[in-house]
Peer 1: 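Sharing a structure below in structure tokens format, with a few things to ask.
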Number of protein chains: 6
Amino acid sequence: MRLQHATWQEVEAYLERARGIILPIGSTEQHGPNGPMGTDALCPETIAWTLGERHGVLVGPTQAIGVAQHHLAFPGSLTLRPSTLVAVLRDTIESLAHHGFTHVFFLNGHGGNIATVNAAFAEVLGERSLRREVAGELQLQLFNWFAGRRGRELAESLYGDAEGSHATASEVSLAWHAAPATLRDVAMSPRRAPAGSAQCDAHTFRRRFPDGRMGSDPSLASAEHGARFLEAGVEDAWEAYRAFVEGA
Amino acid sequence: MRLQHATWQEVEAYLERARGIILPIGSTEQHGPNGPMGTDALCPETIAWTLGERHGVLVGPTQAIGVAQHHLAFPGSLTLRPSTLVAVLRDTIESLAHHGFTHVFFLNGHGGNIATVNAAFAEVLGERSLRREVAGELQLQLFNWFAGRRGRELAESLYGDAEGSHATASEVSLAWHAAPATLRDVAMSPRRAPAGSAQCDAHTFRRRFPDGRMGSDPSLASAEHGARFLEAGVEDAWEAYRAFVEGA
Amino acid sequence: MRLQHATWQEVEAYLERARGIILPIGSTEQHGPNGPMGTDALCPETIAWTLGERHGVLVGPTQAIGVAQHHLAFPGSLTLRPSTLVAVLRDTIESLAHHGFTHVFFLNGHGGNIATVNAAFAEVLGERSLRREVAGELQLQLFNWFAGRRGRELAESLYGDAEGSHATASEVSLAWHAAPATLRDVAMSPRRAPAGSAQCDAHTFRRRFPDGRMGSDPSLASAEHGARFLEAGVEDAWEAYRAFVEGA
Amino acid sequence: MRLQHATWQEVEAYLERARGIILPIGSTEQHGPNGPMGTDALCPETIAWTLGERHGVLVGPTQAIGVAQHHLAFPGSLTLRPSTLVAVLRDTIESLAHHGFTHVFFLNGHGGNIATVNAAFAEVLGERSLRREVAGELQLQLFNWFAGRRGRELAESLYGDAEGSHATASEVSLAWHAAPATLRDVAMSPRRAPAGSAQCDAHTFRRRFPDGRMGSDPSLASAEHGARFLEAGVEDAWEAYRAFVEGA
Amino acid sequence: MRLQHATWQEVEAYLERARGIILPIGSTEQHGPNGPMGTDALCPETIAWTLGERHGVLVGPTQAIGVAQHHLAFPGSLTLRPSTLVAVLRDTIESLAHHGFTHVFFLNGHGGNIATVNAAFAEVLGERSLRREVAGELQLQLFNWFAGRRGRELAESLYGDAEGSHATASEVSLAWHAAPATLRDVAMSPRRAPAGSAQCDAHTFRRRFPDGRMGSDPSLASAEHGARFLEAGVEDAWEAYRAFVEGA
Amino acid sequence: MRLQHATWQEVEAYLERARGIILPIGSTEQHGPNGPMGTDALCPETIAWTLGERHGVLVGPTQAIGVAQHHLAFPGSLTLRPSTLVAVLRDTIESLAHHGFTHVFFLNGHGGNIATVNAAFAEVLGERSLRREVAGELQLQLFNWFAGRRGRELAESLYGDAEGSHATASEVSLAWHAAPATLRDVAMSPRRAPAGSAQCDAHTFRRRFPDGRMGSDPSLASAEHGARFLEAGVEDAWEAYRAFVEGA
């Protein structure tokens, strides 16, 4: 059930039986020679939509732009300042809490968002703690689809070390499955990209990683793999979501 | 051509022949008894995607949440504070300008965004004016699909006064065409909703407009109408976009 | 009755019989060869003061600086960033609401302020909507004196197309009437300035509009006309104000 | 010469012979039983205008609202948050610096503004220091008219200890002289108000100072005194201004 | 009693008998040829710790970085923007108020902080005034150790005019006493530094004050003097603190 | 070498041979029945000071307050909003970069700071990436002393599972060693505290962790252990610091 496809009466009815919602969050940034710019948003979005249909969980709109300043030396990459994303997440969470949602689960596709999403959680909860408001009802969780156990195991079995850490074969596979029009047949040179740290500015990043990949060989990707990553991702996310809403 | 579906090399190639981009912007808010919450994002998105494919214009990711504080008394409506949306648009425009885009065209589906988008334009341009930076290359434009001539004429011919101003038959039709799963058959009572001003807080809005509609009878909507609004919208937007990029 | 001229006890007494207030808002920016920099503030201020005296309405201090980044290439023009003006209006409105004012009516003289004032309204109301606070009592309205029916008709009858859209004969006339010391006898060359869009940075604006005028011939202005625009403006504004406070 | 009354060509000509400007800044807040709410703005404004005419110095628009949170328990008092006023002053100063003004002199009428104006100076200068920009040309100064030597001596001679520290006889006299319509004949009870600290919230302030005065007996005020305070104030301010622009 | 050395149960017990706390605040900035960068933090810190031990007052963590933009042309100087320090103080005060502290006493070692600390007080109190919250319990005070009567008299007797206003012999003495490792034997040239205003950017400051001192001869400093300044400072601060907590 | 103890000439000399600096960052928050509130600042501070002396690395002032909103239900805990801490770190890093420091190494003692410190890094680097500034010289790193290999191994060998995750025996030991006055002999009940997640508001945190500990038995702590943790921590940090400054 997608929030954007529901009427407000349907949301009202949903809130009578559930208080949780899943929000996909990604990035619009280069993903090497054969990965689409939207990879980090397409992946959690397709997992969230599939999970939402299978298990009747409401899925909110996808936050398609994230914190990707280090990718700005590649044309088309977009970034929000962390302080901007904190404000976006604060407003979104406050809107949901206003309606009575108590469990907001962010399904994330971009490592660069992790710090800022967690900072946003502390910003929102801190406002409530300072006001002595009993916010116990509001629970916030971040789940990175790419770090789920099943997905990790599948990537290990398919690609081993060639999975890498950015523009990986696993995420490109899943993006291709989610949006077949994005499939590209591109030879990689070198086959595996250099590895290193992404904690730097855009200029340095491009010097370190000339075609945008980090340690990966995404020429191993395939839409068929993507279908398997979707299954793994849905199971990983569903397990995490259930533990979340059934938790505290 | 969708930015999220392109590789960075494709964006690089695009920038050698063009400097303009279209960014759909909408809202996630109640649209009465039969309109989906995502109506205001679905409409400009489908117009932009169709236009992009037909005319080879790059289309960026959709901003799905807008300024909709007056809808918060209806479950599921989300809002950004205007100051938050200004920050989002600033970062997005600065990212694009960084890559050499000179014409950023926002295709908007939500009246409540108009003031804030224009304020964001002044915020971005003002930074450049104060820095004595020759920003003449950066042009910003807002186009509201629902105010296009062809779309207005079509709505007038199909619905006359029953079009109204929120949860209108035209936008519901277009949303249904864009996302057929959102079609709902709901009787309206009264047939036409009361009219009035939306410049108020959420509590007052709901008192004025009990089921969320403003002056409209969206039971007149149909997916077939939606296909016609799509054509009208694409022509209206293309005309505006060409005038924009060929202008100053 | 001007707030700045009243004692607090007089404001206290006013609040026992009325809950509305008028706030003039303008700009300090170039107005072509014969218009004073303060035109956009002088015009709504004189209308507000006259209206206030005639009808016993409280008039607050004038916000003399607005959003005028596009005028910065002309010496003396001042601008606030939109985000700054939002903060100013938020604090001002919150101060007034604190005292029990329920109807805050901004009488505006500058087109460049419109977006930001409306964004500020959404910022203020949105805070209340998110807090589930019943803010129905707080009503906010923007009225642009230059768009009033009577004023428009008078300008049309006096100047026709030569009225233009910035440094117009009507606003220069009214400023001269309000502050006779500002009257200047300057020949215009060309008689009518070029027309075009002001949505651009300061550098581009000056290139488009070399002496600052947009489509106007303010050599047609006169203080006598100004007296007539004052009458028209007071009637237009009074009509709008009454509809506002007697409305919702 | 008032900026609001000048054309941009006149400002351009002024900048060829001078680089300084005076900006009056005040507050809109209760001033006891017989002082107008606008006292703190009217006083520096009338001094600045007189000084400007006599000595050919440009005078910008008055900032009529200041930091006056402690007066909010008296109807009609307005406040800006300090962070808002910092933003206003930053934008104003940056606009002026953009035009080549190098000496910006704030003529202040409200003690509650002092800290924030000085913080704003550090904010503006700090941006330049961090950017390694040679900002030596930009000089900022705050002058409190009520602390000028001549004015202090006059108040001492006229009122002695009954001058007090808020709603003083000197400022009420000057406001009455500047705006004769504000003259009120009100008996004070007690003759001299209690003294104390204003560093507190609005509730506490009103408890400490029931009619708004702090240590003063403004029933001693007169418009004739005001004329003398104007002369003293103009001399004090002119001396300070000359030292400022002829200094570093 | 230092907050950082206490357990939460000890703070809980403290709050049963007292509601005041002392917060040292300083700066990290050049202090001329023989003064340590941390002088402005070391001085109030050692006074606060000594006072706290003698009189059983709780002392919070030291804010070691202040507003010191004018010192940035000397290596190692750090600054916060005033708006940043306002946010830090706001969060700190709100945290303390949350626990029931009613009297927060800032013991300051840096003149450049004064404006911003007072602006922060108005920011915090203003939020409460606008919310109509009875904040009377929350009292905020700034005390500058270097302006205490006893300390001033001691400096006058020891150094006369050679005390100066930055990198003074008194503060260097106290810093040396607090942290003996910072003692440096450096000849001054000239003996007394030039005097002047520090209200300028970093570039100008260094031009005016080539070795960082302002009007001082800190070669007169000694750790023995420092011990005497500590005694004077503790007495001055204790007197001020007692008046504060026993006041309103 | 501590920045606060150095003169500016000494910093200038340091910058001729090195471009790196270590900044301790911690928190002021409850650490259970026997740990001091300042544990998270005392630990990295003592490691940094020791490392600095041994290896001639400059150590900046300690940021003693961090993001600790979840601890606010325990008296004395202080928090910064994440957005505030981002601003503090941004200003600090910009000040250091201004002087030519290229490697800023944050030695952190508080898990709750991790997200915000990383968000601050992206904020600072993003500004440079957007400005197309070659910021490659500016490298930022976060190192959590409590996650160093040697320290982890020591804790495992001393405490096994009783180490826990907050108010741990290892950090309490190190704090006691750093500040012997903080040693407390307190019996724990239960011996090991309950484990769980800290991602919640203050009210929920206290419900989950009644005496503030998370999964730990800090009655196992001792100052002697602390001396060993100091050695382990210095080696861990020094290894990380060298890799950092010798890296890119």
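Proteins get letters first, then strands, A, B, ... in listed order; numbering begins at 1 in each. Keep in mind the model is a prediction, meaning the values are calculated, not measured.
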Peer 1: To the nearest 0.5 Å, what is the distance between CG on D:Leu80 and OG1 on C:Thr92?
Peer 2: 5.5 Å
Peer 1: Between D:Pro75 and C:Leu15, which heavy-atom pair has the shortest distance, and what is it?
Peer 2: CB-CD1, 4.1 Å
Peer 1: Quick one: NE2 on D:His5 to OG1 on C:Thr39, what's the gap to the nearest 0.5 Å?
Peer 2: 9.5 Å
Peer 1: A cation-pi test, strictly: NZ or CZ of C:Arg184 under 6.0 Å from the centre of the six-membered ring of D:Trp8 and no more than 45 degrees from its axis. Yes or no?
Peer 2: no
Peer 1: Using a cut-off of under 4.5 Å on heavy-atom pairs, state which of C:Gly26, C:Gly32, C:Gly60, C:Ala73 scores highest against chain D.
Peer 2: C:Gly32
Peer 1: If I measure from the heavy atoms of chain D, does C:Ser77 come under 4.5 Å with its side chain, its backbone, both, or neither?
Peer 2: both
Peer 1: Give me the atom names and distance for the closest heavy-atom approach of D:Gln4 to C:Thr28.
Peer 2: NE2-OG1, 2.8 Å
Peer 1: Pick one of side chain, backbone, both or neither for C:Glu10, based on which atoms fall under 4.5 Å of a heavy atom in chain D.
Peer 2: side chain
Peer 1: Identify which part of C:Asn34 has an atom lying under 4.5 Å from any heavy atom of chain D, answering side chain, backbone, both or neither.
Peer 2: backbone
Peer 1: For C:Glu94, is it the side chain, the backbone, both or neither that has a heavy atom under 4.5 Å from a heavy atom of chain D?
Peer 2: side chain
Peer 1: Could you walk me through whether C:Thr7 and D:Val186 pass side chain to side chain contact (heavy atoms under 4.5 Å, CB included), step by step?
Peer 2: CA-CA 11 Å; C:Thr7 63; D:Val186 183; over 6 Å; no
Peer 1: Tell me whether D:His98 contacts the main-chain N or O of C:Leu72 through its side chain, where contact means a donor paired with an acceptor under 3.5 Å.
Peer 2: yes
Peer 1: Out of curiosity, D:Leu85 CG to C:Asp91 CG, how far, rounded to the nearest 0.5 Å?
Peer 2: 9.5 Å
Peer 1: Just give me the residue among C:Ala87, C:Gly76, C:Ala179 that pairs up with chain D most often, heavy atom to heavy atom, under 4.5 Å.
Peer 2: C:Gly76
Peer 1: Tell me, for C:Ile65 versus chain D, whether the close heavy atoms (under 4.5 Å) come from the side chain, the backbone, both or neither.
Peer 2: side chain
Peer 1: Name the region of C:Leu42, side chain, backbone, both or neither, that has any atom closer than 4.5 Å to a heavy atom of chain D.
Peer 2: side chain
Peer 1: Counting heavy-atom pairs under 4.5 Å with chain D, which one of C:Ala181, C:Ala6, C:Pro61, C:Gly100 comes out on top?
Peer 2: C:Ala6
Peer 1: Minimum heavy-atom separation for D:Thr79 and C:Ser95, please, with both atom names.
Peer 2: N-OG, 3.1 Å
Peer 1: Can you tell me which portion of C:Ala64 sits under 4.5 Å from chain D's heavy atoms? Options are side chain, backbone, both or neither.
Peer 2: both
Peer 1: Under 4.5 Å from any heavy atom of chain D, what part of C:Glu12 do you find: side chain, backbone, both or neither?
Peer 2: both
Peer 1: Look up atom OG1 in C:Thr84 and atom CG in D:Leu89, then write down how far apart they are to the nearest 0.5 Å.
Peer 2: 10.0 Å
Peer 1: Quick check for you: among C:Gly212, C:Pro33, C:Gly35, which has the greatest number of heavy-atom pairs under 4.5 Å with chain D?
Peer 2: C:Pro33
Peer 1: For C:Arg90, is it the side chain, the backbone, both or neither that has a heavy atom under 4.5 Å from a heavy atom of chain D?
Peer 2: side chain
